[in-house]
Amino acid sequence: MIGLPKPRLRQARIVAVAAAGLLTASVLVAPPSSAQVTSQAPAAATNTIPGVDEIVSSPNIRLVTNLPKVAPLDATNSDLAFQGRYAFAGNYNGFVVYDVSRPSSPQVVSRVLCPGSQNDISVYGDLLFLSTDSSRSDDSCNSTAQGADVKESWEGIKIFDIRDKANPRYVKSVETACGSHTHTLVPGKDKKIVYVYVSSYSPRANFPDCQPPHDSISIIKVPVKTPTKAAVVATPNLFPDGGFEGSETGSATTGCHDITAYPSKDLAAGACMGDGILMDIRNREAPRVINRVRDTTNFAFWHSATFNNSGTKVVFTDELGGGGAATCNEEVGPNRGADAIYDITGRGDHRKMVFRSYFKIPRTNADTENCVAHNGSLIPVLGRDIMVQAWYQGGISVWDFTDSRNPKEIAFWERGPISNEQMIGGGSWSAYYYNGYIYSNDIAKGFDVLKLSDWRTWTAELVRYQELNVQTQPTYLGGW
């Protein structure tokens with residue numbers, strides 16, 4: 001979600017095995033979904049808008065369970081990360097650790113109160129990382145909101161020790177310029193170091209720690225065994241000649257919103273407000289931009305990126321309206337607030353991203369529903385390019401972009417609007433595939449677990465991750 005302008009109060013190691021068994025251990029039964037009605041329709045169904053809280057879906061996907069939010073973590077839900085039998089769910093007030101060894105009955109292992117939106121989250125071994133992009137009085141979990149025009153205000157990265165999942169321990173903070181809206185983990189070549197690529201934006205002359213121009217990211221070096229030594233080691237300028245200047249329909253580039261790294265291929269893709277970039281990250285402390293693209297016709301805000309498994313394509317999302325607007329309607333149309341698919345052509349420094357097509361969910365949403373392309377992940381299917389994606393109140397879409405010029409939806413699931421009378425923000429923030437299930441962090445409704453059953457995706461059942469941060473993209477089954 002696009003943050004409000006300041007001042008605001010505001011691995012990837014993978015093991016692929018042929019076994020499909022899941023760990024089992026659970027003592028709590030999750031409460032049922034609060035949905036009123038469940039109905040099924042073909043993927044790419046008619047444009048009939050479901051009733052308030054009514055669940056509709058294609059026949060090949062179903063809700064397994066839902067866990068509503070609980071105070072004090074009843075603020076906006078945000079991103080997800082996974083490790084072993086655990087799911088880690090960000091919330092603007094902190095984070096929740098779930099035991100998902102039995103996906104039909106997740107258990108809450110711990111809730112950690114630590115306000116600081118967005119609390120974008122990732123995990124690496126015994127470490128958990130949180131992004132703070134709301135100006136705070138200090139770096140503690142007891143901080144209060146404080147203007148970014150105050151020099152002493154703090155924003156940046158918080159690091160927790162999660163060896164004891166029931167009792168995560170806050171061990172280190174690192175302040176970064178303009179805070180940390182999102183971050184991306186990039187393991188060092190020897191695995192003894194993990195780098196944190198910090199994305200932030202919206203500088204202002206009266207912000208002491210966020211001065212324009214802000215064409216850079218911050219890179220934090222974290223010794224895995226001694227995380228208290230974490231520190232910023234580089235702030236590379238990704239736009240030395242300046243980014244997109246902005247237009248009536250497109251955001252100016254004043255930093256990056258999100259970066260997806262593909263460490264095994266030494267690649268990264270940056271979604272940087274008005275620009276999409278491809279980077280060589282062989283030197284983890286000195287990423288190099290090797291190609292840049294713009295879409296001044298249909299893209300308003302370059303939000304996030306996803307590679308296919310072979311690293312020959314990248315999907316960028318456009319968060320038109322900042323995640324708070326109704327953009328899945330006939331007025332906006334199919335090419336805005338959508339995904340854009342680019343093929344990566346050439347080799348080495350001559351690689352270029354070539355536009356092929358747009359994808360947007362084929363259902364009209366109500367004007368009271370915030371709906372736009374948001375966070376998703378590749379589903380580890382052999383021989384095809386298929387991803388699952390969150391669309392806020394547009395729900396969850398599974399779509400195939402094997403043919404870059406002709407993407408198509410193969411499954412969907414959504415709740416009806418929260419209200420028919422007024423715009424109330426909600427819906428799926430992140431929808432990711434992990435070890436046989438789709439997990440979604442719904443802004444308002446809580447933690448959802450879904451099951452996809454489709455002949456086109458059955459090979460994903462053969463893949464088991466030991467750890468998954470979606471913005472640190474893994475290779476599965478050696479690629480193809």
Side-chain angles (χ1 to χ4, degrees), residues 11-14 22-23 25-26 28 30 65-70 72-103 105-132 141 157-172 180 182-185 187 194 196 222 224 227 258 375-377 390 428-443 446-449 464-474:
Q11 130 218 116
R13 291 169 294 173
I14 172 175
L22 291 173
L23 297 171
S26 179
L28 296 180
T65 195
N66 164 265
L67 274 69
K69 296 187 296 184
V70 176
L73 301 187
D74 52 358
T76 297
N77 276 342
S78 57
D79 212 4
L80 294 167
F82 305 90
Q83 185 182 85
R85 69 175 191 262
Y86 299 102
F88 304 82
N91 178 280
Y92 277 33
N93 278 346
F95 64 93
V96 183
V97 181
Y98 295 100
D99 183 334
V100 294
S101 56
R102 188 178 176 191
S105 184
Q107 302 176 56
V108 173
V109 178
S110 58
R111 293 185 176 95
V112 176
L113 179 64
C114 195
S117 64
Q118 298 182 137
N119 276 337
D120 191 52
I121 193 167
S122 58
V123 293
Y124 188 82
D126 293 331
L127 303 178
L128 180 147
F129 300 83
L130 284 183
S131 282
T132 300
C141 287
I157 291 287
K158 295 168 181 166
I159 306 174
F160 290 77
D161 184 314
I162 55 169
R163 279 174 288 188
D164 181 354
K165 304 296 187 295
N167 295 285
R169 185 168 57 90
Y170 184 15
V171 296
K172 177 67 175 178
S180 175
T182 64
H183 68 268
T184 303
L185 301 187
V194 63
V196 185
V222 184
V224 174
D258 209 349
N375 293 343
S377 76
S428 179
W429 177 291
S430 298
Y432 299 148
Y433 181 95
Y434 179 71
N435 292 356
Y437 289 82
I438 292 170
Y439 296 90
S440 168
N441 216 17
D442 187 291
I443 290 172
F447 185 67
D448 289 320
V449 184
R464 286 294 180 267
Y465 297 100
Q466 291 302 311
E467 188 171 274
L468 178 65
N469 302 292
V470 168
Q471 289 75 32
T472 307
Q473 196 164 317

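Remark: the backbone N or O of A75 is paired with a side-chain donor or acceptor of N91 at under 3.5 angstrom. In this structure, the side chain of S428 does not engage the main chain of S440 through any donor-acceptor pair within 3.5 Å. For the pair T472 (side chain) and L185 (backbone), a donor-acceptor distance under 3.5 Å is present.
Side-chain atoms of V222 and L127, non-hydrogen and from C-beta on, do get closer than 4.5 Å to each other. The shortest distance between side-chain heavy atoms of P106 and T65 falls below 4.5 Å. Residues R85 and K165 form no side-chain contact, since every pair of their non-hydrogen atoms from C-beta on lies 4.5 Å or further apart. Looking at F95 and L128, their side chains come closer than 4.5 Å, going by heavy atoms from C-beta outward. Looking at heavy atoms from C-beta onward, N93 lies in side-chain contact with L113 at the 4.5 angstrom threshold. With a 4.5 Å cut-off on side-chain heavy atoms, D442 and N77 do not count as touching. No side-chain heavy atom of V449 sits less than 4.5 Å from a side-chain heavy atom of V100.
For the atom pair CD of Q107 and OH of Y86, the computed distance is 9.0 Å after rounding to the nearest 0.5 Å. The distance from atom CG of N119 to atom OG1 of T76, rounded to the nearest 0.5 Å, is 11.0 Å. Atom-to-atom distance recorded for D448:CG and N66:CG is 4.5 Å, nearest 0.5 angstrom. Once rounded to the nearest 0.5 Å, the distance linking CG of L468 with CZ of F88 reads 11.5 Å. The CD1 atom of I438 sits 8.0 Å away from atom OH of Y433, with the distance rounded to the nearest 0.5 Å. Between atom CD1 of residue I157 and atom OG of residue S122 there is a gap of 7.0 Å, rounded to the nearest 0.5 Å.
Remark: D258 engages no residue in a salt bridge (charged side-chain N to carboxylate O under 4.0 Å, His left out) (not counting sequence neighbours). Residues satisfying the side chain to side chain contact (heavy atoms under 4.5 Å, CB included) test with K158, not counting sequence neighbours, are C114, L130, T132, W154, F160, Y170. Applying the salt bridge (charged side-chain N to carboxylate O under 4.0 Å, His left out) rule to D74 yields no partners; only residues at least two apart in sequence or on another chain are considered.
Closest of all the heavy-atom pairs between T182 and S131 is C-OG, 3.5 Å. Closest heavy-atom contact between V470 and G376: CG1-O, 3.4 Å. Between G125 and E467, the closest heavy-atom pair is N-OE1, 3.0 Å. Closest approach of S430 to L80, counting heavy atoms only: O-CD1, 4.1 Å. Closest heavy-atom contact between I121 and G90: CG2-N, 3.9 Å. The shortest heavy-atom contact between I443 and K69 is O-NZ, 2.7 Å.
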Legend entry - N441 vs Y432, side chain to side chain donor-acceptor pair (under 3.5 Å): CA-CA, chis, key distance, verdict: CA-CA 9 Å; N441 216 17; Y432 299 148; over 6 Å; no

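For the ring pair (Phe, Tyr, Trp, His ring centres under 6.0 Å) criterion with F82, the lone passing option out of Y465, Y98, Y434 is Y434. Results of the side-chain contact (heavy atoms from CB on, under 4.5 Å) test with H183 over N469, D79, V196 single out V196 as the only residue that passes.
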